[in-house]
Structures are given as structure tokens and as C-alpha cells.
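First up is the structure itself, then whatever we jot down about it.
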Protein chains: 2
Amino acid sequence: MSKSASIGPELTIGQLAKTAGVNVETIRYYQRIGLIIEPIKPAHGYRHYHSDTIEQIKFIKRAQQLGFSLQEVAELMSLGHGGCLDVRKRAEQKREKIDRQIQDLQALRETLNQLINTCKRDASDQYCPIVESLSKI
Amino acid sequence: MSKSASIGPELTIGQLAKTAGVNVETIRYYQRIGLIIEPIKPAHGYRHYHSDTIEQIKFIKRAQQLGFSLQEVAELMSLGHGGCLDVRKRAEQKREKIDRQIQDLQALRETLNQLINTCKRDASDQYCPIVESLSKI
DNA sequence: CTTGACTCCGTACCTAAGTACGTAGTTTAT
DNA sequence: ATAAACTACGTACTTAGGTACGGAGTCAAG
């Protein structure tokens, strides 16, 4: 209570993990692979994490849920190195990749949708059009 | 040449792998995890694979590319057990999941797009709006 | 009838993305 | 001032989805 009367938004790894909604070990793992930087260890005591790291971790998690690997997340996060032109180029590449992902998913969605509609006819039927056509998707 | 003058569409594991475009080991792996059934081994000789298995493997690969895990692929493939109603229900759940994925990706795409547009102003600038806002995606 | 290619099978190994564990140090609450 | 809780660190283990390897059997051609 004496020291650090809320000078800056600093957290221990446990607090960070809790507020970011991940495991402590996950943070340590991200540090190991260089995805987030490990704050220097003070001569005495625990490492302090800046509260910005919360957003960073949440970003990682969101990107992951969208199908990006940690490698790709690292690329997304490193867009800041190389000047505005380079950054824009890389962002455009990412956008194209996302576009392809969306198109693939939409195609699958459409296929699935058609199957569901053909199936509407007789719910208790033993014969099922979905099953029949699934192997030919 | 004498035997099996193209009686049925039967293949060795190597032929199957080649035509399906996967590694022999991959097929053996799918068998290990129960994703495709291993044909019985004849008393003498090699196992025969029905050519339908080609389509099955291709289906697995396509589904995987769309972000389904092998676990989910197994679910998709087992949709045939339980009657048409159950099948449709499960297909609808899949569709909802895909819808959410598409929406998330579209949101990310839009964010990225806005960043790219703000960045158009001065390509050689040191200050880069993308970098500034990336942490808040 | 032997050689080369292929199959069978088990086990080991690989990467990605963590999770768990043991020991030692630190902090905090009582 | 001592126990409970937390951090630090290294190492090991886990799951998914394969890939590789080694030895033994089998098949087809020359």
C-alpha cells in the first residue's frame, strides 16, 4: 500500500492474466515466442506489466478466433516497422487473405444452406438428402 | 493382370493416396483416429480400398481448408445417424457457426480497410495511422 | 527366383499452442 | 514473523494433425 499508489497502470502477471482472460502460462508462452515483450525484472520483486498489454492479449485472442496463427498475429502486430508505405502494403495483403477466407466460408455456407432446404420436406423421413450429398460437397 | 480385370473399383493404399492427393501416412492416421474405416485385411495380400474413399478423403480435406477440425469433420460425416430431423438440426448449427465466423471476418476486414484508406494520404510519412490504431482493433 | 517397389505395423518424431510441475524467491495478510 | 498466496524459471507433458522410420511380408517383372 505504501509504494505504487496507482502511479501508473502496472500489473503483476497474475493480474494481467486475470483481466485479459488468459492463463499466466499463456502469457509466459507468448513471451517465450516473442509475441509480447517481457518487462525487465526489477532487482527486487516481480515484473510490472503495463495495462496496455491487456488490449494486446485481447487482440491476439480475437485474431486467433478468426483463424490467424500466432505467427500471423505476430505479422499483424509488426505492421508498424518499415514506414507507412510498407505498412499499407502489408495491410492490403492481409485484407486479401481475409477476403479469400470470407469467400470460402460463404461458399460453404451456401452449400450447407441448400442441403438444409432440401431436407425441409419430411423431417421424419429415413432417407436424408444431406447424407446422400455430403460426400459430394 | 490375370486377376481383378477391373471387377470393382478397388485400390491399394498407395493408389488411394495418390489419387486422393494425400500421403499414405495420412490415410493410416485417419484410420487410427476412426475417421475412415480400415478395410479388412485379406488372409493373404494387401487391403483393398473402395474408390469411394477417394471422395471421402477429398471431402475431409476441403472441410479442413474451411477451418473444420478433424473432430468436426467426423461430426459432419456422422450426420447420417439419427434421421433427417437430427441431421438438419446439426447442419443448422454448423451454419450458424459459419455465419458468426463470416461476420467476425467482415468486421476485421472493415477495420483493416479503414486503416488502409487513412494511410493513403502520404505514403512516405513516418507517422502511420495504421500503427497508431492497430492495438485497438 | 531374385530384385525392387510396395504394404503392414508399431513406434518415434515434429510443429503449434499451450498446460502443468517443481523448486526457489517474494509479498501480503494475519 | 510466519503461513498463504503469488511470481520466476526451467523443464516436461499434452493435443491435434500429421510425418518418418525400421523391419517384415508381399507382389510383379525380368
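Atoms considered below: every heavy atom in the structure, side chains included; atoms not considered: hydrogens, waters and symmetry mates. Naming convention: chains lettered A, B, ... in sequence-line order (proteins, then strands); numbering from 1 in each chain.
In this structure, the salt bridge (charged side-chain N to carboxylate O under 4.0 Å, His left out) partners of B/Asp99, at least two apart in sequence or on a different chain, are A/Arg109. With sequence neighbours left out, B/Glu72 forms a side-chain hydrogen bond (donor to acceptor under 3.5 Å, both in side chains) with B/Lys97. For B/Glu110, the side-chain hydrogen bond (donor to acceptor under 3.5 Å, both in side chains) test picks out B/Gln114, with sequence neighbours left out.
Note: CD1 (A/Ile13) to P (C/dT27) measures 15 Å, nearest angstrom. Spacing between atom CD of A/Gln71 and atom P of C/dA16 amounts to 8 Å, rounded to whole angstrom units. For the pair B/Tyr49 OH and C/dC6 P, the computed distance is 16 Å after rounding to whole Å. Nucleotide D/dG18 holds its C1' atom 13 Å from the CD1 atom of B/Ile60, rounded to whole Å.
Nearest nucleotide to the side chain of B/Leu70, out of D/dG17, C/dT7, C/dA17: D/dG17. With distances taken from any side-chain atom of A/Thr26 to the nucleotides C/dC8, C/dG18, D/dG18, the minimum falls on C/dG18. Checking D/dT19, D/dC9, C/dA17 against the side-chain heavy atoms of B/Asn23 singles out D/dT19 as nearest.
Residues A/Leu11 and A/Leu35 are members of one and the same hydrophobic cluster, defined by side-chain heavy-atom contacts under 4.5 angstrom among Ile, Leu, Val, Met, Phe, Trp and Tyr. At a threshold of 4.5 Å between side-chain heavy atoms, the hydrophobic network of Ile, Leu, Val, Met, Phe, Trp and Tyr places B/Met77 and B/Tyr49 in one connected group.
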Sort me out a list of protein N/O and nucleotides 1-3 of chain D N/O pairs below 3.5 Å, or just none if empty.
none

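Residue contacts shown for A/Arg28 include a base, since a base heavy atom lies under 4.0 Å away.
Closest heavy-atom contact between A/Gln64 and A/Leu70: NE2-CD2, 3.4 Å.
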Identify every side-chain donor-acceptor pair in residues 18-30 of chain B under 3.5 Å, counting partners at least two apart or on other chains, and give the distances.
residue: B/Thr19; atom: OG1; partner: B/Gln15; partner atom: O; Å: 3.0
residue: B/Thr19; atom: OG1; partner: B/Leu16; partner atom: O; Å: 3.2
residue: B/Asn23; atom: OD1; partner: B/Glu25; partner atom: N; Å: 3.1
residue: B/Tyr30; atom: OH; partner: B/Lys61; partner atom: NZ; Å: 3.2

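Put simply, B/Lys18 has no side-chain N or O that comes within less than 4.0 Å of OP1 or OP2 on C/dC6. Note on A/Ser69: every side-chain N or O is 4.0 Å or more away from OP1 and OP2 of C/dA16. Contact annotation: B/Thr12 side-chain N/O to C/dT7 OP1/OP2 distance is under 4.0 Å.
In this structure, the side chains of B/Pro39 and B/His50 stay at 4.5 Å or more apart for every pair of heavy atoms.
Within residues 29-46 of chain B, the residues approaching DNA chain C are B/Glu38, B/Lys41, B/Tyr46, by heavy-atom distance under 4.0 Å.
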Using the rule given for side-chain contact (heavy atoms from CB on, under 4.5 Å), can you reason through A/Gln106 versus B/Ile102, listing the C-alpha separation, both sets of side-chain angles and the distance that settles it, and then say yes or no?
CA-CA 7 Å; A/Gln106 276 168 345; B/Ile102 291 172; 3.8 Å; yes
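Summary of the strand contacts: A/Arg47 and B/Glu25 both lie near DNA chain D, and taking for each the nucleotide with the nearest heavy atom, the more 5' one is attributed to A/Arg47.
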